[in-house]
Amino acid sequence: MDDRIELVQSEALAAVSDAQDLDALQQVRIQYLGKKGSIQQLMSFMKSLSREEKPAFGQKVNLCKQTVTDAVEARQKELKAAALVKQMEEEKLDITLAGYDLEIGTVHPLMMIQQEIEDLFLGMGYKIAEGPEVEQDYYNFELANIPKDHPARDMQDTFYIDPNTLLRTHTTAMQMRELEKARGGLPIKLICPGKVYRRDDDDATHSHQFMQSEGLVVGEHITLADLKGTLEFMANKMFGEGRKIRFRPSYFPFTEPSVEVDVSCPFCNGRGCSVCKQTGWIEILGAGMVHPHVLEMNGFDPDKCSGFAFGVGLERVAMLKYGIDDIRNFYINDQRFLKTFDRFD
Amino acid sequence: MRLSYKWLSEYVDLSGITPEELADRMTTAGLEVEGIEPLAQGTNLVIGEVMECWDHPDSDHLHVTKTRIGDGEDDVLQIVCGAPNCRKGLKVIVAKIGAKLPGGTIADKPVRGQVSHGMLCSLNELGVDKKYLLESQIAGIEELPADAPVGETDVLGYLGYDDTVLDVSLTPNRADCSSMWNMAREVGAIMHRKVTWPDYEGKADVGGPTTFRVATKTPMCPAFVGKVVNHVKVGPSPKWMTQYLHAAGINSINNVVDISNFVMLETGQPLHYYDLSKLPEREITVVDDMDTKITALDGVEFDIIKGDLLITTGGEATGVAGIMGGEESMIDENTNSIFIEAAHFNHASIRHTSTRLNLMTEAAQRFTKGVEPLAREKAVARSVQLLSEYADASGFEETIYAGDEKYVPLTVTETVGHLNGLLGTEFTMDQIREVMDSLGFRPEVNGDAVTCHIPSYRTDIERPADLDEEVIRLIGFDSLKSTLPLMSATVGQLSPAQNGRRVTRNVMTAFNLHEIVSYTLVNQDYAENGFAPAGEPIALAMPMSEARKYIRSNLINSVMEVVRYNEAHSNVNNNFFEISKVYGKDAEQERLAVVLDGSLREDKLHKIDERGDFYAMKGILLAWLRKFGFTEGRVRIMENRTDTVHFHPYRSAEIWLDKNKLGVFGELHPVYAAEFDLKRVVYAELTVDPVFNTKAGKLRFAAIDRFPAVSRDIALVVDKNVTAKQLLEVVKKSGGRLVRSSSIFDIYEGEHVAEGQKSVALRIVYQAADHTLKEEEITAAHNAILAGLSKQLKAELRA
C-alpha cells in the first residue's frame, strides 16, 4: 500500500514541477488534491486495512497530501514570480525617451544677485533698507555731501523731474534716509539694494537704468580694515573662496578715505586672463569710510562713531560671474537669456 | 589730463623711472593713468638730405631721390617719394628699411619699377596728431631746418618728440593736479623724489604806476588781478614750449598766446591776455547783469543773459568771463602791448554759463572744477617772467587788484590714535610725518598730534580724515589688515514687503513663469494709456529721448513690449512676471504683473498642455494669495468694472483682498493686444502692497477627519448663464452641514443639450466629524440639494 502512496506522491510532485503556468498548476492541484483527486482516493483503501494498520496509513496519506500541497504552493510562488517577471518584461519602457518637460520658472539674474547679497548680509545681522526711486535732491545729493554745483555732480548725470526731485542716481539716497531716520542711534548695519538711473546712452556697457546694492555700517570704532574684511568676506561668497581684495585710492564725496575695490580675478586666480585684461584684478565696487561731514549732517558725532559704506553694481557682478557681454540683455528679457538662470549658483 | 613725461621731469627727478612704472605708482596712489602713448614713434630713423630729385618716369606725382644719410659711400639711398614738396636740397626724416612706424614696417621694394630703399616721412607718419600740424606739414614731408645734422639717428630727440604722454584721470577732488607744478609735487610724494619748481616768485613786482582800472561788480568774481605790459614782440614760441603744449593737447599759436596757455598748464590758473591797444578804454569791469550778444575768439556769436559773468570795458562786453575772450581784443601778429587777466570766477556761475552756451573750454573746465586761491598771483608772476624771456616784454605797470577775496591758510591737526583708529592700522608718527613732509604740508609734531599747514592748492584737505587718506594712499593699502566690525549683535531680518517679494518669486517660478525686469522710463503714450495708473504720470525735465520721457505709472505696456519682443524672436510660451514700483505725482505703488502667452506646460509626446488661459491665471493668483494665508472669504473675484480698454470685457475680472481692490486679470482686449501684434494673451496687474502688508490669520492644524467621506455626483442641465458660484452656493445652502465640499468637474454645451442650456456635472462630498454617515442621511441631504437646485436655478437632472 505504501508503494501506492509513494507512486501517487512522486507522480504528483512530477506533475507539479511540470506545470508551466498557474492554470496547469490548478489542474494538477485538482487532479491530486481535489475532493476526487488521487490522494483523496487513496483514503478509499482505508477500509480494507486492519484497525492496527489504519492510523499509520492515514498518517502516511496525510503526509503525502501535505508534501504535495507544499509543492503546489511553492510551485505557485515560482510561477507567480515568473508571470510577474514576464509581465514586467512586457511593460518595458524606453528609458531614453524624454521625461515630462517639466520646467521651473526663473528668477531674473539681477534679482538672484541681489538676493545673494541680501542673504549674505542678513546672516551678519544687517537690515535691508527700502527707499523711493523718485527721490529728493536732498537725499540723493545734499545729505551725501554733494551740494548744488559741486563738481562731483558731473560724475553722475541726473534725470531731474524738477529742481528738487529726480530719479535717484545711486542707492546712497537710501543710506541718507536711513541715517536721518536713525537720529544718531547706533549701530547701523544696512544693505540698500535697488534700481538707479543716470543719463547714459544705452550700449553694450552702459544703461540708463541699472541696479546697485550698497552697504552701510556705522558704530563705535569702525575701521577701514573692517571694511576690507567685510568686502573680502563678500568677495569670497560671491566669487568663490580664496579671493583677495585690493584697495586703490579713489574719490566719492560721501566717503573719506575713498577706495576702488578690486577682487583677484576668479577666472585665472590672479594669473592674468582676458577677463581681467591680464592684470589679475577686477574692479568690482567703490567704498570708503563715511565722510565725517555726512555723519554730522545726519546728526552723528564723528568723534564718537565712524562707519564704512560700499556700493556694488549688480549688472557688473552678473556680467562678470556669468560672462554676459551686453548689459542690455538684462532689460530686453529674451526668454532664452532668462532661462539660462534656471539653477542656483 | 595729458601729462608729458618729459615736461614733468623738468620739475621732478624721474631718472631710472620708466613712464610705465610711473603710471603704475600713480594709479596705486589714486591718480589713475588710463593710457600711455608716445608723442611720436618710429625706429630706424635718420636725418637725411635730398641730393637729387627727378620725376618718376611712370607716375604723374612720384619723385625719385638720391638721399644722403651720412658721409660714407654707401650712405646715399635711392628713395621714391610722393610728397609734392620733395625737392633737391631739402633736409628730411628718412625711415630706413625695417623702420617700424605707426602705419607699418618699411619694406625694401620697388615703387612702380623704381628701387626705393626707405621712406621720407611727414610728422603725421610718425604718429603726431594732425591737429598739431599745419596744412603744409600734413600735405607733404617734414621740412627740417637747413642746419639739421645729416646722419643724426635720434630723430625724435632732435624734433623734441621724444616724449611720452600719460593720460591721467583726475578725480574731482584732485583738480589741483591739472596744474603741472602741483602734479610734480604729487609725483614727488608718490615716488619719493625731489621736486623743484621754477623760481618765479617776485617777478610780478616790476612795474611803474598804472592808470588802468579793474573792478568787479559781482560776488561771482571775488578776485581779479591784472597787469599792463606795454611792449611785447609776437613771434614763434620756443620749440620746447610748442612741444610741451602739444603734449598737453594744446596747439601752438604764437609766443604770447602760448605763454598764457603754458602758464595755465603750469599753475592751473586760466589766464586771459588782451591786446591792450584794442581795448577801447583802460578799464575792465566784471558784471553779471547784462543781456547782450558777444562774438567770441572763434568768431561765433553768443547770447548773454543776466547771471552770466561778463568782462566789460567802457560799458561794452568784451569777453565771456572765464570761458572765452572777445574777438576784438584778441592777440594777433600785430599785437605789441597786452593786458594780463588772472581772476577767480565762481565755479557754479561758469558751469551754468558754459553748459548753456555749450562752450566747455579748457578755462571753463578749470574754473568749474575749482582753481586754487593763490594761483592768480603765481600765474601773473610766471607770465611776467616768460614774457620777458620769450616775447621781449617790457614796459610793465604795477599789478592791480579788484575784489575782496582773502586767502586764509588752513591748518589741520590729527593724532596718531585717531588716524589708526579710523584706518585700523598701526602707523607710527614717523611714518605719518614723512608723508606730510613729502606733500609739502610742513608737519609740526606735538606729542601724539601732528599739525599740518595745508598748501593753498590742496583745497581737498579740510579735516583729519582727509589727512588719514593721504597717509594710507601714499604708504599703500597693502599694509591694511582684514578685520570684521566688532559691535553689538543685531538681527538681520526681511521686512514683510521684502519677504513678500521672495514668496512671490517662489510661487511664480513654481508655475514656470520667468521673472523680467523692464525699463522704468517709457514714452508718453505708454505713460498715459496704461492700466490703472498709480497717478498722473511724471515727466522728466530733460529726457534723453521721447521714448524714455516718462516714469511709468503702470506696467502693462512695458510687459507687452517684452512679450512682443519674444514673439518676434520666435520664443513661445512667454510666461513672465515682474515686480516693480510704479509712480505717479505724489504716488508710489508696488505692483505685480503676470503675463501668460501660450502654455504653462506643454509636452506633445506625453500629451500635456496646460494652457495659459483665464482660469490658469485665476488659479495662479489664488495659489499666490493662499501662500500669504488669504483664502476664500477674504479674496473675492468680481466683475471687471475697472478697465475694459486693455482687458476683454467678458474674459476678465477684478480681484479683491478684503476691502482692497488689487487689480484686474484676464484676457487682453483684442484691440489692445493687436497693438503689440499679440492674440489671446492673459495678463494680470495687481498692487501688492495690501498683500505684503496685510496680516493673515494664524496658521493652525485642524484634526484630520476620522470618519469616511462619501461622494455623490450629479449631472444637471441648467440655463447657460447660471454661474458656477450660483450652483455651488445652492449646494452649500441646501445640503446643510453634511456637505464637506462640492465642485464642478465637467461642463458641456452642444449636441444633446438644448440651445441656451448647459450640462454641468457636480461632485458633492458628504462627511460628518463625529460618525460614519448612514445612507438615509446622505440621501436626505442629496435630495434637498436636488430640490434646491431645481427650485432656485431650474436645474434638471440630466436624463
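Side chains are part of it too, since the values below use all heavy atoms of this structure and drop only hydrogens, waters and symmetry mates.
Considering every non-hydrogen atom in both B:V517 and A:N333, the closest pair reads O-ND2, 2.8 Å. Of all non-hydrogen atoms in A:E130 and B:S495, the two that sit nearest each other are OE2-OG, 4.4 Å. The nearest pair of heavy atoms linking A:A98 to B:H606 is O-NE2, 2.7 Å.
With a threshold of 4.5 angstrom between heavy atoms, B:L540 approaches chain A through its backbone and through its side chain. Neither the backbone nor the side chain of A:T165 comes within contact range of chain B, judged by heavy atoms closer than 4.5 Å. The contact between A:H291 and chain B is made entirely by side chain atoms (from C-beta outward), counting heavy-atom distances below 4.5 Å. With a threshold of 4.5 angstrom between heavy atoms, B:L513 approaches chain A through N, CA, C or O but not through any side-chain atom. For a residue to count as touching a neighbouring chain, one of its non-hydrogen atoms must lie under 4.5 Å from one of that chain's; by this rule A:Y331 touches chain B with backbone and side chain alike. In this structure, chain A has a heavy atom under 4.5 Å from the side chain of B:L605, while its backbone stays farther away. Proximity to chain B is limited to the side chain of A:S306, based on heavy atoms less than 4.5 angstrom apart. With a threshold of 4.5 angstrom between heavy atoms, B:E462 does not approach chain A through any atom at all. Interface residue B:R548: only side-chain heavy atoms are found under 4.5 Å from chain A. For B:P464, no part lies near chain A; criterion is any non-hydrogen pair under 4.5 Å. Contact of A:L97 with chain B is made through the side chain alone, with heavy-atom distances under 4.5 Å. At a 4.5 Å heavy-atom cutoff, A:D262 makes no contact with chain B through either its backbone or its side chain. Only the backbone of A:D200 comes within less than 4.5 Å of a heavy atom of chain B; no side-chain atom from C-beta onward does. Looking at B:I538, the atoms closer than 4.5 Å to chain A (heavy atoms on both sides) all sit in the side chain, from C-beta outward. With a 4.5 Å cut-off on non-hydrogen atoms, A:E260 does not touch chain B at all. There is no contact between A:F337 and chain B, counting heavy-atom distances below 4.5 Å. Interface remark: B:H347 contributes side-chain atoms only to the contact with chain A (heavy atom separation under 4.5 Å). Both the backbone and the side chain of B:M544 come within less than 4.5 Å of a heavy atom in chain A. The parts of A:L102 that come within reach of chain B are both its backbone and its side chain, each placing non-hydrogen atoms under 4.5 angstrom from that chain. Residue A:V217 touches chain B through its side chain alone, counting heavy-atom pairs closer than 4.5 Å.
Using a 3.5 Å distance cut-off with no hydrogens or angles, the side chains of A:Q335 and B:N566 do not pair a donor with an acceptor.
Of the listed residues B:G421, B:A497, B:S482, B:A29, the one with more heavy-atom pairs under 4.5 angstrom with chain A than any other is B:S482. Note: A:A225 leads A:A225, A:G99, A:G229 in heavy-atom pairs under 4.5 Å with chain B. Comparing A:G219, A:G288, A:P257, A:P302 by how many heavy-atom pairs each has under 4.5 Å with chain B, the most go to A:P257.
Between B:F477 and A:F247, the ring planes lie perpendicular to each other; the angle is over 60°, past the 30° to 60° tilted range.
Counting only residues at least two apart or on different chains, the ring pair (Phe, Tyr, Trp, His ring centres under 6.0 Å) pairs with a member in residues 105-124 of chain A are A:F121-A:Y126, A:F121-A:F310.
A:K189 is not listed as a side-chain neighbour of B:P485, based on a closest heavy-atom distance of 4.5 Å or more. Side-chain contact check for B:L521 versus A:L167: some heavy-atom pair is nearer than 4.5 Å. Residues B:D466 and A:E256 are in side-chain contact: their nearest non-hydrogen atoms beyond the backbone lie under 4.5 Å apart. For the pair A:H221/B:L486, no side-chain contact is recorded, criterion being any heavy-atom separation below 4.5 Å from C-beta on. Considering only heavy atoms from C-beta on, B:N512 stays 4.5 Å or farther from A:I104 through its side chain.
Within the 3.5 Å criterion, the main-chain N or O of B:K581 finds no donor-acceptor partner in the side chain of A:E133. At least one donor-acceptor pair closer than 3.5 Å links the side chain of A:K228 to the backbone N or O of B:L480. In this structure, B:H514 contributes its side chain and A:D334 its backbone to no donor-acceptor pair below 3.5 Å. Proximity of a side-chain donor or acceptor of B:Q498 to a complementary backbone N or O of A:I128 within less than 3.5 Å is detected. B:T483 places a side-chain N or O within 3.5 Å of a backbone atom of A:D226 that can act as its donor or acceptor partner. Here the side chain of B:Y583 pairs no donor or acceptor atom with the backbone of A:P132 at under 3.5 angstrom. For B:R601 (side chain) and A:E103 (main-chain N/O), a donor-acceptor pair under 3.5 Å exists by modelled atom type.
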(message) Apply side-chain contact (heavy atoms from CB on, under 4.5 Å) to residues B:I608 and A:D101 and explain how you reach the verdict.
(response) CA-CA 9 Å; B:I608 297 169; A:D101 190 6; over 6 Å; no
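By the 4.0 Å N-to-carboxylate-O rule, B:R501 lies too far from A:E118 to be salt-bridged with it.
Separation of atoms OG (A:S250) and CZ (B:R174) is listed at 12.5 Å; rounding is to 0.5 Å.
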